Structures are given as C-alpha cells and as structure tokens.
Amino acid sequence: MLYSMNLRISDRNAVVIGGGKVAHRKVLGLLDAGAKVKVVSPDLTSELMGLAEAGEISWQPEQYTKKVLEGAFLVIAATNDSETNLQVKKDALPHQLVNLADNPEESDFQVPSVIKRGKLTIAVSTSGASPVLAKKICTQMEQMFDEQYESYLEFLAASRKEIKVSVKDEAIKRRLLRTIADESFMKDPDRKQRFARLLEEAISEEGR
Ligand SMILES: C[C@@]1(CC(=O)O)c2cc3[nH]c(cc4nc(cc5[nH]c(cc(n2)[C@H]1CCC(=O)O)[C@@](C)(CC(=O)O)[C@@H]5CCC(=O)O)C(CC(=O)O)=C4CCC(=O)O)c(CCC(=O)O)c3CC(=O)O
Ligand SMILES: NC(=O)C1=CN([C@@H]2O[C@H](COP(=O)(O)OP(=O)(O)OC[C@H]3O[C@@H](n4cnc5c(N)ncnc54)[C@H](O)[C@@H]3O)[C@@H](O)[C@H]2O)C=CC1
C-alpha cells in the first residue's frame with residue numbers, strides 16, 4: 001500500500017536522469033511545483049532543450065554518475081536503460097526520494113495522473129497497474145470538475161478563514177463549513193453576499 005501526500009518541493013533540488021519524453025513530462029510537473037530542476041543526460045528532446053535555453057532547468061550533458069545525486073531532495077530516473085535506473089536507486093541516500101520510470105516496485109514514490117483547478121488537486125493512482133486508466137479517469141473528472149472550481153476554491157478558502165476567526169461555537173462553525181461546501185454555493189454567482197448574510201446570522205445566533 002502506498003501513502004498518499006502532497007509534497008512541498010518549491011526551491012528544493014530535483015534531479016531528473018534521462019532527457020526523453022518521459023523525463024520531459026516529469027520535469028513539467030516538477031517545475032509547476034517550483035522545484036529547482038537539473039537534468040542529466042547526453043541529449044535532450046527539443047522541448048527540454050527549450051527549457052534549458054530559457055534557464056528554467058539546468059542541463060548536465062553527460063551520462064549518469066553517482067555524484068549528480070549530491071544535494072538532491074528528489075530524484076527521477078527516466079533513462080531508457082533499466083540498469084542505469086536501478087543503479088540510481090542503489091546509489092541514492094536513504095533520505096532521497098527516488099522514482100524509477102520503469103520500475104514501480106523499486107521506486108519510493110509513483111507519480112499519479114493529476115488535474116489542477118487552482119487550489120483543488122485531484123490525483124489518480126492505480127499503483128502502477130494501469131497508467132492509461134489513471135489518465136482516463138482524470139479525463140472523465142475534468143468534465144465534472146471544470147474551471148469554475150478555481151474561483152470556488154478561492155471563495156471557500158476566504159470564507160473558511162472568516163468563519164474560523166468570527167465563530168467560536170463548534171457546532172455552528174461546522175454547520176457553516178458544510179453549508180458553503182454545498183453544490184448550490186459552487187453554482188451561485190452571488191455566493192459572497194449569501195455567505196455574508198449567513199455569517200451575520202450565525203454571529204448573532206451565537207451572541208444570543
Ligand atoms: C509506476 C509509474 C511510475 C511513475 O512514472 O511514477 C509508471 C510506470 C510506467 N508507465 C509506463 C507506461 C506508460 N505510462 C503512461 C503515462 C503516465 N504514467 C504515469 C505514471 C506512472 N507510470 C506511475 C504509476 C501511476 C499509476 O499507475 O497510477 C502518469 C499517470 C503520470 C506521469 O508520468 O506524469 C502518466 C499519465 C500522465 C497524464 O495523466 O497525462 C503511458 C501512457 C501515455 O504516455 O500516454 C504509458 C504507455 C502505456 C502503458 O505501458 O501502460 C510503463 C511501461 C514502460 C515500458 O513499457 O517500457 C511503466 C513501468 C512499468 O509499468 O513497469
Ligand atoms: N513512467 C512512465 O510514465 C513511463 C515510463 N516509460 C519508461 O521510461 C523510460 C524512458 O522513456 P522515454 O523518455 O520514452 O525514452 P527515450 O529513449 O526517449 O529517452 C531516454 C533518455 O535517456 C537518456 N539516457 C540513456 N542512458 C543514460 C544514462 N546512462 N545517463 C543519462 N541519460 C541516459 C537518453 O540519452 C535519452 O535522453 C523507458 O525506460 C520506458 O520504459 C515509458 C513510458 C511511460
């Protein structure tokens with residue numbers, strides 16, 4: 001059984017070994033999360049080359065050696081040589097998180113298929129059984145959780161903060177938090193006013 005979590009990797013060092021299309025996909029995810037990415041590979045796809053030229057990643061144009069792992073928080077071995085990928089896992093220190101693109105069993109973590117809507121993240125994993133199914137499920141979820149969720153999550157975050165500072169009664173607090181998570185709030189263009197009224201009512205109910 002794998003343990004699911006959302007890792008903060010902004011400004012952490014990530015090393016990706018290999019410069020093919022799989023490496024490129026993993027690099028994009030790492031950059032989105034704000035990691036400092038170094039790619040180690042004698043060659044790069046044109047997309048990775050573009051990122052290197054733009055200074056978004058650093059490129060070490062060489063074959064893998066153990067020393068490239070120095071200072072890495074997270075390591076992804078995505079070469080097309082399974083022996084090299086396995087060697088990366090053997091060389092890494094116990095606290096370095098390692099993913100092998102061709103070897104789920106030896107990986108410390110696996111990368112799920114992901115949908116992002118602002119603060120909302122939906123990650124789907126099949127534990128390596130079928131990455132294609134993970135991607136398909138995400139495609140289905142994309143319709144259910146459309147772009148509207150981005151502003152809705154902003155509304156929820158701001159409203160929850162307000163509830164936390166202005167309501168002391170635990171039962172009333174819980175009721176409000178559940179109410180704003182209702183689908184009707186997601187769809188309501190006047191939800192801010194509706195929430196303001198509810199909050200006012202709750203505060204006066206508490207004062208009684
Ligand atoms: C274990 C894992 C390790 C990891 O990469 O972390 C892993 C392993 C392997 N993938 C393989 C193949 C493919 N992977 C994809 C696609 C994705 N693979 C991703 C994750 C994962 N892949 C992790 C498990 C996640 C899970 O199961 O939930 C996604 C979700 C995320 C991402 O990569 O960012 C991304 C979809 C991105 C999106 O949502 O768009 C496609 C389809 C395509 O490219 O369109 C194919 C071809 C079809 C096929 O082979 O099934 C192979 C065989 C290689 C070979 O044959 O040589 C292995 C190795 C093995 O199985 O042994
Ligand atoms: N996890 C996933 O999502 C998927 C994983 N795979 C696996 O990922 C691997 C890579 O796939 P692709 O990117 O399509 O391959 P690719 O052949 O396009 O790229 C491989 C890259 O690794 C580099 N490389 C090879 N030996 C190296 C070494 N010793 N040191 C540094 N770099 C080295 C090559 O120069 C090349 O840039 C394959 O082994 C495949 O089995 C394939 C599809 C999906």
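Residue numbers run from 1 in the order of the sequence given. Atoms within each ligand, like the ligands themselves, are counted from 1 in listed order. The shown structure was predicted, so the numbers you read here are calculated from the model rather than taken from an experiment.
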**OP:** Please determine, by modelled atom types, if S184 and R194 share a side-chain donor-acceptor pair under 3.5 angstrom.
**Re:** yes

Original post:
Are any of the side-chain nitrogens in K168 or E206 under 4.0 Å away from the carboxylate oxygens of its partner?
Top reply: no

**OP:** Report the nearest protein non-hydrogen atom to atom 10 (C) of ligand 2: residue, atom name, distance rounded to 0.1 Å.
**Re:** A78 O, 3.5 Å

Original post:
Would you say the side-chain atoms of S41 pair up with the backbone N or O of G19, donor to acceptor, closer than 3.5 Å?
Top reply: yes

Subject >> Smallest separation among heavy atoms of L44 and A52, with atom names >> reply: CD1-CB, 4.2 Å

Original post:
Does ligand 2 have a heavy atom under 4.0 Å from the side chain of D43, from its backbone, from both, or from neither?
Top reply: both

Original post:
Who gets closest to atom 17 (C) of ligand 1 by heavy atom: K21, K135, R25?
Top reply: R25

**OP:** Only one of E170, E201, E205 passes salt bridge (charged side-chain N to carboxylate O under 4.0 Å, His left out) with R175; say which it is.
**Re:** E205

Subject >> Nearest-neighbour protein heavy atom for atom 62 (O) of ligand 1, which is reported as residue plus atom name and distance >> reply: P104 CD, 3.4 Å

Original post:
Under the 4.0 Å line, does any protein heavy atom show up next to atom 39 (O) of ligand 1?
Top reply: yes

**OP:** Say whether D81, considering both its backbone and side-chain N or O atoms, lies within less than 3.5 Å of an N or O atom on ligand 2.
**Re:** no

Original post:
For atom 9 (C) of ligand 1, what is the nearest protein heavy atom, given as residue, atom name and distance?
Top reply: A101 O, 3.6 Å

Original post:
Of K26, E105, Q110, K136, which has the heavy atom at the shortest distance from atom 5 (O) of ligand 1?
Top reply: K26

Subject >> Identity and separation of the nearest protein heavy atom to atom 27 (O) of ligand 1 >> reply: T126 OG1, 2.5 Å

**OP:** Give a yes or no on whether the backbone of Q140 and the side-chain of Q143 come within a donor-acceptor separation of less than 3.5 Å.
**Re:** no

Original post:
For E62, which residues count as a salt bridge (Lys or Arg N to Asp or Glu O under 4.0 Å) partner, sequence neighbours excluded?
Top reply: K67

**OP:** Compute the minimum heavy-atom distance from H24 to ligand 2 and say whether it is under 4.0 Å.
**Re:** no

Original post:
Which heavy atom of the protein is the closest neighbour of atom 19 (O) of ligand 2, given with residue, atom name and distance?
Top reply: G20 CA, 3.4 Å

Original post:
Can you check whether P42 has an N/O within less than 3.5 Å of an N/O in ligand 2?
Top reply: no

Original post:
Between N80 and ligand 2, does any nitrogen or oxygen pair lie at a separation below 3.5 Å?
Top reply: yes

Subject >> Heavy-atom nearest option to atom 21 (C) of ligand 1, drawn from I137, V111, V132 >> reply: V111

**OP:** Do me a favour and list the nearest non-hydrogen protein atom to atom 30 (C) of ligand 1 with residue, atom name and distance?
**Re:** S113 N, 3.5 Å

Subject >> Which residue and heavy atom of the protein sit nearest atom 22 (N) of ligand 1, plus the separation >> reply: P131 CG, 3.7 Å

Original post:
When you measure from the side chain of N13 to the backbone N and O of F73, does any donor-acceptor pair fall under 3.5 Å?
Top reply: no

**OP:** Just let me know how K26 lines up against ligand 2, side chain, backbone, both or neither, with a heavy-atom cut-off below 4.0 Å.
**Re:** side chain

Original post:
So, does C138 sit close enough to ligand 1 that a heavy atom of it is under 4.0 Å from the ligand?
Top reply: no

Original post:
Side chains of T79 and D81: do they bring a donor and an acceptor to under 3.5 Å?
Top reply: no

Original post:
Numbering the atoms of ligand 2 from 1, which are under 4.0 Å from a heavy atom of G18?
Top reply: 22 (O), 23 (C), 32 (N)

Original post:
atom 28 (C) of ligand 2: which protein heavy atom is closest, and how many Å away?
Top reply: Q63 OE1, 3.4 Å

Original post:
V37 versus V16: any side-chain heavy-atom pair under 4.5 Å?
Top reply: yes

Subject >> Pick from T79, V22, D102, T65: the one approaching atom 9 (C) of ligand 2 most closely through a non-hydrogen atom >> reply: T79

**OP:** Using modelled atom types only, decide if a donor and an acceptor are shared between the side chain of D190 and the backbone of Q193 within a distance under 3.5 Å.
**Re:** no

**OP:** Specify the protein heavy atom at minimum distance from atom 3 (C) of ligand 1: its residue, its atom name, and the distance to 0.1 Å.
**Re:** N99 ND2, 3.9 Å

Subject >> Main-chain N/O of V39 paired to Q60 side chain as donor or acceptor, under 3.5 Å >> reply: no

Subject >> Close side-chain approach of F195 and I163, heavy atoms under 4.5 Å >> reply: yes

Subject >> Nearest-contact summary for atom 30 (N) of ligand 2 - protein heavy atom, Å >> reply: Y64 N, 2.9 Å

Original post:
Is a donor on one side and an acceptor on the other found under 3.5 Å between the side chain of R12 and the backbone of L74?
Top reply: no

Original post:
I17 to ligand 2: N or O pair under 3.5 Å?
Top reply: no

Subject >> Shortest protein heavy-atom distance from atom 3 (O) of ligand 2, along with the residue and atom involved >> reply: R25 NH2, 2.6 Å

**OP:** Look at the side chain of S159 and the backbone N and O of L156, then say whether any donor-acceptor pair between them is shorter than 3.5 Å.
**Re:** no

Subject >> Atoms of ligand 2 close to V40 [distance to a heavy atom under 4.0 angstrom, numbered from 1] >> reply: 31 (C), 32 (N)

Subject >> Pairwise side-chain hydrogen bond (donor to acceptor under 3.5 Å, both in side chains) hits with a residue in residues 98-108, at least two apart >> reply: N85-D102, K89-D108

Original post:
Do protein heavy atoms approach atom 15 (C) of ligand 1 to less than 4.0 Å?
Top reply: yes

Original post:
What protein heavy atom is closest to atom 5 (C) of ligand 2, reported as residue, atom name and distance in Å?
Top reply: A101 O, 3.2 Å

Subject >> Geometric cation-pi criterion, R117 with F145: 6.0 Å, 45° >> reply: no

**OP:** Return the residue, atom name and 0.1 Å-rounded distance of the protein heavy atom closest to atom 21 (C) of ligand 2.
**Re:** G19 N, 3.5 Å

